[in-house]
A.B. asks: 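Take a look at this one; I'll ask things after.
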Protein chains: 2
Amino acid sequence: MQLNLRIQMNESLYLRDPESTELGQRIIQNSIELINELGFEGFTFKKLGEYMGTTEASIYRYFENKHRLLTYLVSWYWSWLEYRIIILTQNMNDPREQLNRVVELLSRKIKDDISTTYINEELLQNIVIAEGSKSYLTKHVGQDNQYQFFKPFKELCARIADIIQACNKQYAYPKSLATTLLEMCHSHHYYKLHLPSLTEFAKDKNDQELYSFMQILVNGSLNGANP
Amino acid sequence: MQLNLRIQMNESLYLRDPESTELGQRIIQNSIELINELGFEGFTFKKLGEYMGTTEASIYRYFENKHRLLTYLVSWYWSWLEYRIIILTQNMNDPREQLNRVVELLSRKIKDDISTTYINEELLQNIVIAEGSKSYLTKHVGQDNQYQFFKPFKELCARIADIIQACNKQYAYPKSLATTLLEMCHSHHYYKLHLPSLTEFAKDKNDQELYSFMQILVNGSLNGANP
DNA sequence: TTAAAAAAGATAGTAATACTATTGTAAATA
DNA sequence: TATTTACAATAGTATTACTATCTTTTTTAA
């Protein structure tokens, strides 16, 4: 069975919908590979054209520039994560259990690659870890925010914040805690790989320790607020 | 009285020591202003030359490229923060009180500008908040790490981790918690300004709420681990 | 089935970026 | 006084980040 999840993307992110054509889909697939190889700074549309056997000009018909493409990829990832959280928590009633499963999902690195044909979620997660923050750390963040480019991330945060709030009605900072959880899971994956002395997780193969750290962080906040 | 704090910098960060000449000091001062204005992507040595009335070539005699300059600035900031933490905690014996003061220092935005003539710490903090992660989110992070460019950040983390560990000998993740504290304080300052729906701190003028959030996060972790 | 439209390929061109190199000159130092 | 050092001035190059145009191929609609 070939499930094909289709995520509704913000139309301002692209000039031509990459999902609508074969070339568009190949741009997505190959850009994920090439950004992983070269890093976002080293990545150019010219190189991508050569890499996938098309021209720079053809890629520019789909995306205004490489930053928009990055924002597209990152934004797709957050939507996909929210979708995974929805199916993960749908048959659970206890918000504590929901939160626990969400923390686990976020702590462990993505390994599988199911729902989509041309997107490798594992590689895409690496991009979000190493390059994701560059999508909003710009001088045009206000403009991009007006275009609603960060809506998927905000919705994901809001969903997690709702679960947090359901666990403890008194807790005052559910959104901040959700953001912290999301961001720090990714950060620690990066440190683990590249700056291992910043964390305790250097040899943490299946991310059990990171999971435990995050659990304590989240539950400690929820309990500590209202002991 | 004009105190002049001199921070020992890693010599591989520059080609010629910017602290040793007037032009060098002006490069530091003006680059802090211009990166704030243009953002790191929009910033170039050519523009900096025009901005401060010198030539591109002269700036290249001090720094190999703009990324090295950014790393220099960020690295200076972490050293300066560690220095502030040292003087802040030197006459305190209770690690809980030390940690509390560190959390407060990190939660509140820098307002003053004392110890140095040509470095505006408030502006520099803005750069660290908005551009700091770009100093290590690159493909050459391994190389840069070998050059010890991230040593000031690691030392600061280690110092905070030591205080955390002193608060709770049983707690298993002092380094990860220190990293989290440092990173999230900066992140939340950015969200507050640019993506306010991601936090509860939009109208948090003197960062009292952020401070409270961080206190609960840290103390919750320390208590939750060993209730 | 054919006409037209849309998509993609091919090629060229431009301004800006990220440098390197060379030469001349003023100031500091030996 | 000679010489190093520091900086300014200028020029030049490869690459980046695009835009434009024209042709060919593919899709779709009458």
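Chain letters run A, B, ... following the sequence lines, proteins first and then strands; every chain starts at 1.
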A.B. asks: Is the count of non-hydrogen atoms from other residues, nucleotides or ligands lying under 6.0 Å from A:Q90 atom CD greater than 12?
C.D. replies: yes
A.B. asks: Between B:F213 and B:F201, does the ring centre distance come in under 6.0 Å?
C.D. replies: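 Centroid separation for B:F213 and B:F201: below 6.0 Å.
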A.B. asks: Can you list every side chain to side chain donor-acceptor pair (under 3.5 Å) pair that touches residues 146-156 of chain A, not counting sequence neighbours?
C.D. replies: A:N145-A:K154
A.B. asks: Do B:E82 and B:Y77 have a side chain donor and acceptor closer than 3.5 Å?
C.D. replies: no
A.B. asks: So is A:K66 actually on top of A:F45's ring, under 6.0 Å and inside 45° of the axis?
C.D. replies: no
A.B. asks: For the pair B:K175 (side chain) and B:I160 (backbone), establish whether a donor and an acceptor sit closer than 3.5 Å, ignoring hydrogens and angles.
C.D. replies: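 No.
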A.B. asks: Name every residue in residues 7-36 of chain B that has at least one heavy atom under 4.0 Å from any atom of DNA chain D, in order of residue number, or write none if there are no such residues.
C.D. replies: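 Within this stretch, B:R16, B:T21, B:L23 sit under 4.0 Å of the strand.
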A.B. asks: Applying side chain to side chain donor-acceptor pair (under 3.5 Å) as the test, list every pair that has at least one member in residues 21-34 of chain A; sequence neighbours left out.
C.D. replies: A:T21-A:Y62, A:E33-A:Y51
A.B. asks: Over all heavy atoms of both residues, which pair between B:P174 and B:I164 is shortest? Give the atoms and the distance, please.
C.D. replies: O-CD1, 3.7 Å
A.B. asks: First contact, last contact: which nucleotides of DNA chain C are these for chain A, 5' to 3', heavy-atom distance under 4.0 Å?
C.D. replies: C:dA7 to C:dT11
A.B. asks: Is A:F63 touching bases, backbone alone, or none of the nucleic acid, heavy atoms closer than 4.0 Å?
C.D. replies: nothing
A.B. asks: Is there any side chain to side chain donor-acceptor pair (under 3.5 Å) pair reaching into residues 187-197 of chain A, and which pairs are they, with sequence neighbours excluded?
C.D. replies: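 The answer is A:S187-B:E183, A:H188-B:T180, A:Y191-B:Y136, A:Y191-B:E183, A:K192-A:D207.
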A.B. asks: Hey, does the side chain of B:S20 reach the backbone of B:R16 with a donor-acceptor pair shorter than 3.5 angstrom?
C.D. replies: no
A.B. asks: For nucleotides 9-28 of chain D, read 5' to 3', which letter fits each nucleotide if B means a protein heavy atom sits under 4.0 Å from the base, S means only the sugar-phosphate is that close, and - means neither?
C.D. replies: BB-----SBBBBB-------
